[in-house]
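Throughout, protein chains are lettered first and strands after them, A, B, ... in sequence-line order, and every chain is numbered starting at 1.
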Amino acid sequence: MNDAAREWIALVCKALNGLRGESGAPIEAAEIVAEVPPKPELGDLAFPMFPYAKRLRKAPGLIAESLVAELERIGGLPGKVSPAGPYVNVRYLVGSVARSVVEEALALGPRYGRTDRLAGERVMVEFSSPNTNKPLHLGHLRNDILGESVSRILKANGADVCKTDLINDRGIHICKSMLAYERFGGGRSPESAGVKSDHFVGDFYVKFNEWAKEDPSAEEAAREMLRRWEAGDGQVRSLWRRMNDWAIKGIEETYRRTGISFDRIYFESETYEAGREEVLKGIASRVFSRDPDGSVWVDLTDVGLDRKVLLRKDGTTVYVTQDIGTAIARRRDYPFDRLIYVVASEQHYHFKVLFNILSRLGFPWAENLHHLSYGMVNLPEGKMKSREGTVVDADDLLDELEGMAAAEIRAKGREEEVGDLAATSRAIALGALNYYLLQVSPSKDMVFDPKESISFVGNTGPYLQYMGTRISSIMRKLDELRSPLGEAEFRPELLAAGDEWELVKLVGALPDVVARAGDELNPSLVAGYLFTLASTFSRYYHDTPVLHNDDPHLTATRVALAKAVGTALRNAFELVGIPFLERM
RNA sequence: GCGUUCGUAGCUCAGUUGGAUAGAGCGACGGACUUCGAAUCCGUAGGUCGCAGGUUCGAAUCCUGCCGGACGCACCA
């Protein structure tokens with residue numbers, strides 16, 4: 001695909017210089033603008049002539065005509081060329097491109113679509129980063145699938161990727177759940193209460209806030225508990241370990257459910273001390289300074305940021321302090337070339353500060369830290385607010401989606417066909433959710449309407465999955481016909497229908513899409529590609545019989561194309577966390 | 001106030017390095033199941049790309065200003 005484009009660019013460059021004659025500077029291949037025409041009927045590649053009008057002292061329309069004549073004079077063209085107003089449109093040789101694309105897709109199978117663009121690069125990706133005082137919510141789900149998907153895309157581009165999670169397991173918010181448990185828990189456990197363990201912990205966090213509303217002394221009690229935690233109080237630490245285990249166990253269950261995993265997990269409780277030590281070293285090297293009250297500061301006003309505290313006067317650490325320690329520990333554990341933090345856009349300023357501090361401390365790798373900032377998930381009424389109970393819980397949402405999927409399967413009377421109803425419902429729910437969350441460009445805020453947002457019709461995950469099942473279904477039918485293809489062979493020149501050629505180009509485009517998604521850290525490009533591929537195939541098979549043809553060669557050819565589409569679909573699914581289904 | 005970011009159809013979103021008549025899905029209306037699965041397909045209606053300048057042969061896209069929203073500018077994380 002790309003080879004064809006490059007070949008044509010070289011040809012057009014040569015022809016343009018032929019038209020130019022001896023006058024002026026030569027036109028370089030890099031200057032040639034090539035684009036995809038707005039409509040497929042126009043061709044496969046288009047060259048606008050506007051940029052050369054001045055150089056050649058000629059109207060674009062006239063250049064187009066003489067360029068076509070010049071190309072035809074050169075001869076041996078890999079396709080057809082025609083002028084269209086100020087454009088020169090090119091049509092590739094269908095047969096040869098189709099052969100190479102389909103054969104490559106079928107030969108590579110699960111590896112089709114990968115590139116070597118990032119071969120050898122070591123990338124660490126941090127995402128999720130939950131607190132251990134409550135279960136995951138919808139915002140985490142966007143973060144999780146974004147981090148997981150970006151990691152898979154980077155891997156598909158040849159990078160060595162280390163996925164990492166930072167568990168925020170210490171701080172005042174943790175103590176609040178603990179305090180409420182001490183007061184209202186009555187020694188119960190998630191098992192005895194029959195509640196998923198992270199929800200069990202989260203419920204006490206809610207209870208604390210209710211209590212604190214009535215009784216102002218609650219906040220002070222929480223601060224006191226944090227002091228005892230910092231001092232290593234045995235009783236507090238033991239309760240902390242017990243409740244953290246509950247929270248983490250529950251969160252891990254949700255990760256398993258959503259297909260999220262990590263190669264390395266860091267706990268804030270284990271890295272914050274290292275941050276303090278780095279800050280103390282920074283005082284010695286005069287990067288930081290100590291105020292008379294004992295607090296430690298960094299002055300970033302020279303780069304337009306603020307003066308930031310790093311250690312309080314009592315010597316305790318703040319948010320950015322532990323991130324300093326964590327970054328250094330990570331670089332030591334896994335010498336990354338690049339570290340990507342997948343964190344909500346509200347933390348933009350925090351990361352500017354963090355990266356700047358690490359740079360001041362003299363770490364050359366600080367230049368390779370990247371904040372992949374993504375927008376908030378809002379409700380139609382506005383922001384999710386825990387105080388108003390509008391937070392959409394991750395497990396509840398998944399339960400609801402699975403219920404909807406199961407109901408749909410039953411309504412269609414396909415329980416028998418599907419086999420494992422629960423597993424299929426889970427796969428559909430996950431496909432719907434992940435596609436919904438990744439469709440939107442990461443940087444944008446998005447609106448989630450619990451009642452209407454996730455549907456299974458139209459531009460949705462299940463729509464894409466459905467196309468996969470239809471291809472699988474065609475292949476099953478083919479098997480039932482018992483070697484109907486016989487001597488029939490793949491003959492790409494038989495791919496005459498417009499949609500067939502579009503499908504070939506789309507399948508061929510997967511590696512380019514993967515490359516660009518990797519460059520831009522943007523899974524929504526893969527999502528958009530999937531919808532185009534699926535809807536083109538949907539239109540195609542609707543009015544073009546794959547199996548029922550008089551010519552067995554045509555059947556074999558269309559089967560090969562359908563398989564290639566299935567391969568591209570399945571491989572792109574993997575990148576955005578949509579399960580591929582044989583039946584649904 | 002300063003900084004970051006977003007503003008495209010009734011709603012939710014695409015829109016490639018600036019390029020041909022700005023595209024989808026949902027919702028609305030009208031069609032297509034005897035033929036590889038209708039979670040599908042086809043059609044109709046729906047737009048001052050927030051506003052105003054600028055750069056350019058050409059701007060939804062780049063620049064400036066303004067308007068509107070979100071987020072940030074904590075010894076919270």
Quiz prompt | Test side chain to side chain contact (heavy atoms under 4.5 Å, CB included) applied to A:F448 and A:I454, step by step | solution = CA-CA 8 Å; A:F448 176 85; A:I454 300 245; 3.7 Å; yes

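- A gap of 29 Å separates the P atoms of B:U12 and B:G3, to the nearest Å.
- Here A:S472 pairs with A:E582 under the side chain to side chain donor-acceptor pair (under 3.5 Å) rule; sequence neighbours left out.
- Atom CZ of A:F351 is separated from atom C1' of B:C71 by 15 Å (rounded to the nearest Å).
- Residue pairs meeting the salt bridge (charged side-chain N to carboxylate O under 4.0 Å, His left out) criterion with at least one partner in residues 311-326 of chain A, sequence neighbours excluded, are absent.
- Distance, A:D499 CG to B:C42 C1': 13 Å, rounded to whole Å.
- Contacts classified as salt bridge (charged side-chain N to carboxylate O under 4.0 Å, His left out) and involving residues 527-543 of chain A (residues at least two apart or in different chains) are given here: A:D499-A:R539.
- Across all strands shown, A:E346 has heavy atoms under 4.0 Å from sugar-phosphate atoms exclusively, and none from any base.
- Look at B:C62: its glycosidic torsion is beyond 90° from 0, and that puts it in the anti range.
- Between A:Y435 and A:Y463, a ring centre-to-centre spacing not shorter than 6.0 Å is recorded.
- Nucleotides B:U61 and B:G53, compared at atom P, are 14 Å apart to the nearest Å.
- B:G58 and B:U21: their P atoms are spaced 14 Å apart (whole Å).
- Taking atom P in both B:A22 and B:U5, the straight-line distance is 29 Å, to the nearest Å.
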Please list, for nucleotides 22-25 of chain B, all pairs of protein and nucleotide N/O atoms separated by less than 3.5 Å.
from: B:G25; atom 1: O2'; to: A:N459; atom 2: N; distance (Å): 3.0

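- Within the cation-pi definition used here (under 6.0 Å to the ring centroid, within 45° of the axis), A:R142 does not qualify as a partner of A:Y374.
- Residue A:N133 is out of contact with every strand shown, counting any heavy-atom pair closer than 4.0 Å.
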Exercise. Step by step, work out the side chain to side chain donor-acceptor pair (under 3.5 Å) result for A:N549 and A:T555.
Key: CA-CA 6 Å; A:N549 298 297; A:T555 298; 3.2 Å; yes

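- Note on A:I409: a base of the nucleic acid sits closer than 4.0 angstrom, heavy atoms only.
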Shorter than 3.5 Å, N or O on both sides, protein versus nucleotides 29-36 of chain B: list them out with atom names.
from: B:C36; atom 1: O4'; to: A:H548; atom 2: NE2; distance (Å): 3.4
from: B:C36; atom 1: O2; to: A:L547; atom 2: N; distance (Å): 3.1
from: B:C36; atom 1: N3; to: A:V546; atom 2: N; distance (Å): 2.8
from: B:C36; atom 1: N4; to: A:Y541; atom 2: O; distance (Å): 2.5
from: B:C36; atom 1: N4; to: A:T544; atom 2: O; distance (Å): 2.4

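- A:F351 is linked by a ring-ring contact (aromatic ring centres under 6.0 Å, His included) to A:Y341, A:F355, A:H371, counting only residues two or more places apart in sequence or in another chain.
- Within 4.0 Å (heavy atoms only), A:A344 reaches no atom of the nucleic acid at all.
- Residues meeting the ring-ring contact (aromatic ring centres under 6.0 Å, His included) test with A:H173, sequence neighbours left out: none.
- Going from the P atom of B:G23 to that of B:G69 covers 32 Å, rounded to whole Å.
- Atom CG in A:L354 sits roughly 16 Å away from atom C1' in B:G72 (whole-Å rounding).
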Considering only nitrogen or oxygen atoms on both sides, find all protein atoms under 3.5 Å from nucleotides 57-59 of chain B and state each distance.
from: B:C57; atom 1: OP1; to: A:K54; atom 2: NZ; distance (Å): 2.7

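- Using a 3.5 Å distance cut-off with no hydrogens or angles, the side chains of A:K58 and A:S66 do pair a donor with an acceptor.
- Residue contacts shown for A:A34 include a base, since a base heavy atom lies under 4.0 Å away.
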Quiz prompt | side chain to side chain contact (heavy atoms under 4.5 Å, CB included) assessment of A:Q465 paired with A:I428 | solution = CA-CA 8 Å; A:Q465 288 172 314; A:I428 292 170; 4.1 Å; yes

Quiz item: Are A:Y541 and A:R470 close enough, and set up right, to give a side chain to side chain donor-acceptor pair (under 3.5 Å), and what steps lead you there?
Solution: CA-CA 9 Å; A:Y541 84 75; A:R470 294 303 305 273; 2.5 Å; yes

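- Taking atom NE2 of A:H348 as the reference point, atom P of B:C6 lies 11 Å away to the nearest angstrom.
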Quiz item: Reading nucleotides 11-16 of chain B 5' to 3', which nucleotides get B (base under 4.0 Å from a protein heavy atom), which S (sugar-phosphate only), which -?
Solution: -SSS-S

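- Within 4.0 Å of A:R476, counting heavy atoms only, lies no atom of the nucleic acid at all.
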Collect all protein-nucleotide pairs involving nucleotides 73-77 of chain B in which both atoms are nitrogen or oxygen and the distance is under 3.5 Å.
from: B:C73; atom 1: O2'; to: A:D306; atom 2: OD2; distance (Å): 3.0
from: B:C75; atom 1: O3'; to: A:R312; atom 2: NE; distance (Å): 3.2
from: B:C75; atom 1: N4; to: A:D293; atom 2: OD2; distance (Å): 2.8
from: B:C76; atom 1: OP2; to: A:R312; atom 2: NE; distance (Å): 2.5
from: B:C76; atom 1: OP2; to: A:R312; atom 2: NH2; distance (Å): 2.4
from: B:A77; atom 1: OP1; to: A:R312; atom 2: NH2; distance (Å): 2.9
from: B:A77; atom 1: OP2; to: A:Y319; atom 2: N; distance (Å): 3.1
from: B:A77; atom 1: O3'; to: A:E268; atom 2: OE1; distance (Å): 3.1
from: B:A77; atom 1: O3'; to: A:E268; atom 2: OE2; distance (Å): 3.3

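- Rounded to whole angstrom, the span from the CG atom of A:N378 across to the C1' atom of B:U5 amounts to 13 Å.
- At distances below 3.5 Å, at least one donor-acceptor pair connects side-chain atoms of A:R91 with backbone N or O atoms of A:E41.
- Checked against ring-ring contact (aromatic ring centres under 6.0 Å, His included), A:F50 has the following partners two or more places apart in sequence or in another chain: A:Y87.
- Taking 4.0 angstrom as the limit, A:Y463 places a side-chain polar atom (N or O) nearer than this to OP1 or OP2 of B:C41.
- For the pair A:R414 CZ and B:A39 P, the computed distance is 8 Å after rounding to whole Å.
- Under the 30°/60° scheme for interplanar angles, the aromatic rings of A:W240 and A:W229 are found to stand perpendicular.
- Distance check on atom C1': B:G72 versus B:U56 gives 36 Å, rounded to whole Å.
- The distance between atom NE2 of A:H371 and atom P of B:G72, rounded to the nearest whole Å, is 13 Å.
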Practice problem: List the steps and the verdict of side chain to side chain donor-acceptor pair (under 3.5 Å) for A:N244 and A:T132. | Solution: CA-CA 6 Å; A:N244 263 345; A:T132 55; 2.6 Å; yes

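- Side-chain contact annotation: A:S269 with A:D169, donor-acceptor N/O pair under 3.5 Å present.
- Pairs of Watson-Crick or G-U wobble type, with distances under 3.5 Å, assemble into runs of 3 or more in RNA chain B at these ranges: B:1-7 with B:67-73, B:10-13 with B:23-26, B:28-32 with B:40-44, B:50-54 with B:62-66.
- For the pair A:K352 NZ and B:U5 P, the interatomic distance rounds to 8 Å; values are reported in whole Å.
- Between B:C49 and B:A39, the two C1' atoms lie 33 Å apart (nearest whole Å).
- Checking the phosphate oxygens (OP1, OP2) of B:C41, a side-chain nitrogen or oxygen of A:S538 falls inside 4.0 Å.
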